[in-house]
J.: 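If you scroll down you'll find the structure; I have some questions about it.
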Amino acid sequence: MYRNILCLALGLIIGIQVTDIFEFFQLTQAGLGSTVMTRIAEEATPQLPPEEELARRLYNETRVLCMVLTMPKNHVTKASKVKRTWGRRCNKLIFISSQEDKELGAIDVGIPEDRANLYSKVRAGMKYVYQNFVEDYDWFLKADDDTFVIMENLRLLLYPYDPEAAVYFGHRFRSTFPQGYMSGGAGYVMSRDALRRLNLFALNNTRFCPPNQSSEDKGIGFCLQNVGVVAGESRDEKGRDRFWPLSPDSMLPTFPNNTWLPKVTYFKPVKETGSSSGISFHYVKSHEFDRYEYLLYRLRVFGVPAAPRSLPPRLEPRQLQEQLQAWSEEKSNNPNPVLWVSSIQPG
């Protein structure tokens with residue numbers, strides 16, 4: 001009897017131990033399988049680099065020289081704010097003025113300060129940039145000292161295009177010549193080849209590029225058209241403007257139909273104006289530079305992370321030529337009555 005009880009007890013103990021061992025191996029195998037499957041899934045899913053990494057890559061691959069128009073009285077106010085905020089994200093920043101300022105980085109181009117001399121001042125600035133920097137950078141941005149530019153978004157727009165293509169971008173206005181021109185206040189950016197053509201074939205030819213023009217941006221646009229530089233498409237996929245010739249106060253929340261802008265913009269305005277890939281805005285007051293710097297580069301909304309993304313593909317030579325041809329054939333579809341530049345407000 002005792003023998004039977006002892007055998008029964010030993011059998012129960014052995015059975016419990018075997019069950020524990022079996023369950024242990026099951027859990028271990030499940031865990032290992034889950035880990036292996038997780039690792040395989042992670043390896044199979046391409047991990048996109050964060051936007052900060054892409055922005056650093058763009059900084060090195062899409063090099064932009066920024067040429068900012070200013071004047072001596074603005075050196076310590078607006079111009080210094082440009083240098084401290086968005087200007088420090090340019091690959092090269094220079095100020096075009098009538099007085100040299102080495103601390104600021106201002107060049108005296110020898111043109112007296114007067115609104116009537118803006119066209120001559122820009123011509124002189126373009127000549128200086130060409131003579132000193134044309135081979136060192138890919139794109140050349142002209143802006144005013146009351147313009148704010150989001151350089152990362154500008155580089156993202158430019159990345160697909162070869163800087164040796166004859167093209168420039170900005171907010172496009174209608175004019176008496178077919179292609180129109182880009183707003184000077186919103187800023188416009190030209191390729192290396194566009195800058196080269198402007199200097200080699202336009203600025204020294206009075207027929208292609210008359211020396212006296214009442215409007216800086218219109219005059220440069222006329223010169224560029226006459227030497228084969230194409231006005232590129234700067235709007236986003238929904239037709240919203242990326243370059244704003246007015247301030248955010250005027251451009252938001254909808255297109256400002258109660259201003260002069262609807263009568264001069266090249267394309268039919270769309271009601272919504274808040275492009276998520278906006279590039280520039282104009283009429284920035286001195287105290288607003290720090291405000292925009294904070295809102296754009298320091299403020300982060302909890303729970304709203306940036307979605308992973310990749311850079312757009314670069315256009316092949318044939319694709320680029322087809323795109324330039326299509327842009328060169330575009331016609332204005334703005335149904336509003338035309339307001340010519342002589343009637344436009346300063347800026």
Side-chain angles (χ1 to χ4, degrees), residues 64-109 111-122 124-125 128-129 140-155 170-171 182-189 215-217 220 241-253 256 258-261 273-275 278-300 344-347:
V64 183
L65 180 147
C66 302
M67 184 187 87
V68 179
L69 261 61
T70 189
M71 59 184 69
K73 71 175 185 178
N74 289 350
H75 284 191
V76 297
T77 54
K78 292 180 179 179
S80 64
K81 289 296 184 72
V82 167
K83 183 176 181 178
R84 196 171 72 242
T85 57
W86 69 266
R88 61 193 177 95
R89 287 180 279 271
C90 301
N91 295 87
K92 175 71 174 179
L93 173 67
I94 63 171
F95 292 90
I96 302 300
S97 183
S98 59
Q99 179 179 305
E100 184 181 20
D101 186 335
K102 292 183 179 180
E103 182 178 351
L104 177 65
I107 308 299
D108 178 6
V109 292
I111 305 296
E113 293 298 345
D114 191 292
R115 185 166 181 81
N117 293 338
L118 276 178
Y119 175 61
S120 298
K121 188 176 179 180
V122 171
Y128 174 84
V129 168
F140 300 85
L141 170 71
K142 178 269 166 187
D144 292 342
D145 59 11
D146 62 347
T147 308
F148 195 103
V149 183
I150 304 168
M151 293 299 299
E152 296 84 354
N153 288 356
L154 175 62
R155 290 191 180 94
H171 185 102
M182 302 300 181
S183 162
Y188 52 84
V189 58
S215 171
E216 162 262 315
D217 44 12
I220 295 296
D241 294 307
R242 291 187 173 106
F243 292 80
W244 285 358
L246 299 178
S247 70
D249 288 342
S250 299
M251 294 296 295
L252 293 171
N258 59 340
T259 67
W260 50 265
L261 187 58
T273 56
S275 175
I279 291 172
S280 71
F281 27 88
H282 191 208
Y283 296 130
V284 180
K285 299 178 176 64
S286 291
H287 68 274
E288 292 178 327
F289 282 94
D290 293 318
R291 178 189 302 172
Y292 294 140
E293 183 77 5
Y294 167 72
L295 292 174
L296 289 166
Y297 292 98
R298 292 168 54 196
L299 179 65
R300 291 291 179 267
I344 297 177
Q345 298 297 319

J.: I need the minimum non-hydrogen distance between K81 and T85, along with the two atoms involved.
T.: O-OG1, 2.6 Å

J.: Under the criterion side-chain hydrogen bond (donor to acceptor under 3.5 Å, both in side chains), which of R88, R84, R298 is the partner of E293?
T.: R88

J.: Where do L65 and N91 land on the side chain to side chain contact (heavy atoms under 4.5 Å, CB included) test, with the steps shown first?
T.: CA-CA 6 Å; L65 180 147; N91 295 87; over 6 Å; no

J.: Working to the nearest 0.5 Å, report the span between OG1 of T77 and NE2 of H287.
T.: 13.0 Å

J.: Is atom OH of Y297 surrounded by more than 12 heavy atoms (other residues, nucleotides or ligands) closer than 6.0 Å?
T.: yes

J.: For a side chain to side chain contact (heavy atoms under 4.5 Å, CB included) check, start with the C-alpha distance between D146 and H282, then their side-chain angles and the critical distance, and finish with the verdict.
T.: CA-CA 6 Å; D146 62 347; H282 191 208; 3.0 Å; yes

J.: Return the minimal non-hydrogen interatomic distance between D145 and F289, and the atom names on each side.
T.: O-CZ, 3.4 Å

J.: Any idea which heavy atoms bring V284 and K78 closest together, and the distance?
T.: O-CE, 4.3 Å

J.: Taking 4.0 angstrom as the limit, do E113 and K73 come out as a salt bridge?
T.: no

J.: Side chain of S280, backbone of A186: donor and acceptor closer than 3.5 Å?
T.: yes

J.: Closer than 4.0 angstrom, basic N to acidic O: yes or no for E103 and K83?
T.: no

J.: One pair to check against side chain to side chain contact (heavy atoms under 4.5 Å, CB included): L252 and T273. What are the steps and the verdict?
T.: CA-CA 6 Å; L252 293 171; T273 56; 3.6 Å; yes

J.: Identify the two heavy atoms, one from C66 and one from M151, that lie closest to each other, and give their separation to 0.1 Å.
T.: SG-CE, 3.7 Å

J.: Parallel, tilted or perpendicular: which describes the rings of F148 and F281, with under 30° parallel and over 60° perpendicular?
T.: parallel

